[in-house]
Amino acid sequence: MKLTAIIPCFNEEAALHFFYAEMSKTMQQMQDVDFELLFIDDGSKDGTLQEIKKLAAADARVKYVSFSRNFGKEAAIYAGLEHSDGDLTAIMDADLQDPPSLLPQMYRAIVEEGYDSVATRRVNRKGEPPIRSFFARRFYRLMNRISKADIVDGARDYRLMNRAFVEALLEMGEYNRFSKGLFGWVGFQTKWLEFENIERVAGETKWSFWKLFLYSIDGIVAFSTMPLSIAAFFGVLMCGVSAIAIVFVVIRQLLYGGSAFGWPSMVCIIIFLGGIQLLCIGILGSYLAKTYLEVKKRPIYICKERNAAKKQEKET
Ligand code: UDP
Ligand code: MG
């Protein structure tokens, strides 16, 4: 049985040899599995590609795809899935935050217990800034409330999947990719394993708070149309409020007459409504922008060099 491990790498020069050493131990343990390590160099600016090539020269199981620039982890995952032809495919980080030692257990869950995929979640967020954890939790709560893709709090992208699962993911060639949602969306039987958060072995995280914030907006826009309904709801609410106000003004005019005061309150109302209108246009705009990007059908990544072939290339 062949297992392809996809490893997205962006400036991971320092972590790679730790990863390879640790992974080698696991590969040794799993003698009956035919491994392939598929490194995706996501336009790294340091010596990551050279480091990968060194590994590839010494070990025929090492394959790589190198991008022309940084396209992001989601694009790297997609490229990995396209170039994977294993019966099983794993996705794991290069910084050892996704421990290879879980692989045998994940493998058994698919081969012996009959699951289609095995996913992992960390049970705590030790070593992470508290403010980041707080917003991450809020995000998962919100996401599960407003979308169909059920996204587990603390879920990592670390996963082992069978062929059918990978094919299903590849069917979704959308540009705005939010893997955590896609994994849940495709369905199948997934087993969840839990582990304690591990800090990265070397190098530093590629995600700033701002990047994570934008990513969470991507996730919401990709998996929920709830914000659009909220915009419509505001519209209906405001119509209702204005109807009541009109009745009130008319009755007051009939009872007391000549009531030409109330400029400050008028200004407040105008500003308030203007704000709500802009908010709703903004919501609409963010969906339109995503639609625009999808319609252009630009490639998800551009490959500069590689020693791996896509599955269909190997078949023809
Ligand atoms: N990564 C990538 N492209 C990017 C950012 C990150 O391929 O634009 C890779 C990175 O090399 C690592 C994984 O995605 O293997 C997770 O990134 P990181 O460890 O920085 O994220 P964190 O674990 O802090 O969430
Ligand atoms: Mg990490």
Side-chain angles (χ1 to χ4, degrees), residues 5-23 37-52 55 62-84 89-100 102 119-137 139-140 151-159 175-180 183 195-216 218-219 300-304 306 308:
I6 299 168
I7 307 118
C9 305
F10 177 50
N11 296 345
E12 297 287 5
E13 173 181 40
L16 273 183
H17 66 275
F18 290 110
F19 174 82
Y20 182 75
E22 195 64 30
M23 195 65 196
L37 300 183
L38 179 55
F39 291 93
I40 313 293
D41 167 38
D42 184 10
S44 301
K45 294 198 177 61
D46 63 357
T48 301
L49 183 59
Q50 283 80 333
E51 204 62 39
I52 296 172
L55 293 175
V62 174
K63 294 277 186 296
Y64 64 86
V65 175
S66 178
F67 290 178
S68 60
R69 64 166 170 88
N70 180 247
F71 280 89
K73 187 181 178 186
E74 294 293 343
I77 291 177
Y78 186 75
L81 293 173
E82 272 194 330
H83 287 82
S84 153
T89 301
I91 298 171
M92 50 208 307
D93 286 4
D95 57 5
L96 286 179
Q97 281 189 300
D98 298 334
L102 277 180
T120 58
R121 66 181 284 261
R122 41 183 186 173
V123 284
N124 56 13
R125 292 172 167 270
K126 193 178 74 202
E128 199 184 56
I131 179 117
R132 181 176 291 193
S133 307
F134 173 80
F135 280 106
R137 292 230 164 76
F139 168 71
Y140 286 113
I151 298 174
V152 177
D153 184 7
R156 296 200 51 92
D157 290 331
Y158 186 23
R159 214 173 241 274
Y175 185 80
N176 179 30
R177 304 188 73 76
F178 185 71
S179 285
K180 287 188 168 76
F183 293 147
F195 68 94
E196 297 260 320
N197 192 32
I198 304 164
E199 291 189 40
R200 66 162 38 241
V201 59
E204 56 195 37
T205 178
K206 311 299 177 306
W207 296 90
S208 62
F209 187 82
W210 180 240
K211 249 176 140 182
L212 279 175
F213 176 74
L214 292 180
Y215 184 58
S216 69
D218 271 359
I300 294 169
Y301 66 92
I302 292 172
C303 171
K304 191 177 65 182
R306 59 179 182 165

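Counting starts at 1 for both ligands and their atoms, following the listed order. Only heavy atoms go into these numbers, but all of them, side chains included; no hydrogens, no water, no symmetry mates.
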Side-chain heavy atoms of F39 within contact of L16, under 4.5 Å = yes
Y158 side chain to P99 backbone, donor-acceptor under 3.5 Å = yes
Which of the atoms in ligand 1, numbered in the order shown and given with their element, are less than 4.0 Å from a heavy-atom of N70?
-> 3 (N), 4 (C), 8 (O)
Exam field: side chain T48 to backbone E12, donor-acceptor pair closer than 3.5 Å | yes
Per-atom contacts of ligand 1 with D42, taking only distances under 4.0 Å to non-hydrogen atoms | 2 (C), 3 (N), 4 (C), 7 (O), 8 (O)
Which ligand 1 atoms are under 4.0 Å away from a heavy-atom of Q97?
-> 19 (O), 22 (P), 23 (O)
Within the side chain of R137, is there an N or O that forms a donor-acceptor pair under 3.5 Å with the backbone of D153?
-> no
Provide the closest heavy-atom pair for L38 versus V65 in the form atom of the first, atom of the second, distance.
-> CD1-CG2, 4.2 Å
Does CZ in F209 sit with more than 12 non-hydrogen atoms of other residues, nucleotides or ligands closer than 6.0 Å?
-> yes
Taking atom 24 (O) of ligand 1 as the reference point, the nearest protein heavy atom with its distance | T205 OG1, 2.6 Å
Please write down residue, atom name and distance for the protein heavy atom closest to atom 14 (O) of ligand 1.
-> K73 CD, 3.2 Å
Quick check: does P8 get an N/O under 3.5 Å from an N/O on ligand 1?
-> yes
From the Mg ion (ligand 2) out to just under 2.8 Å, does an N/O/S atom of D93 turn up?
-> no
Is a donor on one side and an acceptor on the other found under 3.5 Å between the side chain of D93 and the backbone of D95?
-> no
Decide whether a cation-pi geometry holds between R69 and F71; the criteria are a distance under 6.0 Å from NZ or CZ to the six-membered ring centre and an angle within 45° of the ring axis.
-> yes
Might you point out which heavy atoms bring A76 and I6 nearest each other, and give the distance in Å?
-> O-CG2, 4.4 Å
Under a 4.0 Å heavy-atom limit, does N11 contact ligand 1 with its side chain, its backbone, both, or neither?
-> neither
How far is atom 1 (N) of ligand 1 from its nearest protein heavy atom, and which residue and atom name does that atom have?
-> F10 CB, 3.8 Å
Heavy-atom pair of closest approach, residues A308 and H83 = O-CD2, 3.9 Å
So, N70 side chain and D42 main chain: donor-acceptor pair closer than 3.5 Å or not?
-> yes
Per-atom contacts, ligand 1 versus C9 - under 4.0 Å to a heavy atom | 7 (O), 11 (O)
Would you mind checking which non-hydrogen protein atom is closest to atom 20 (O) of ligand 1, with the distance to 0.1 Å?
-> K206 N, 2.7 Å
Region of E12 engaging ligand 1 - heavy atom pairs below 4.0 Å | side chain
Nitrogen or oxygen of D95 less than 3.5 angstrom from that of ligand 1 | yes
Just go through I7, I40, D93, D98 and tell me whose heavy atom is the nearest to atom 16 (C) of ligand 1.
-> D93
Among the N, O or S atoms of D95, the one nearest the Mg ion (ligand 2) = OD2
Can you tell me which residue and heavy atom of the protein come closest to atom 18 (P) of ligand 1, and the distance to 0.1 Å?
-> R200 NH2, 3.4 Å
What part of A94, side chain from CB on, backbone N/CA/C/O, both or neither, has a heavy atom under 4.0 Å from ligand 1?
-> both
Which residue holds the protein heavy atom closest to atom 21 (O) of ligand 1, what is that atom called, and what is the gap in Å?
-> W207 CD1, 3.0 Å
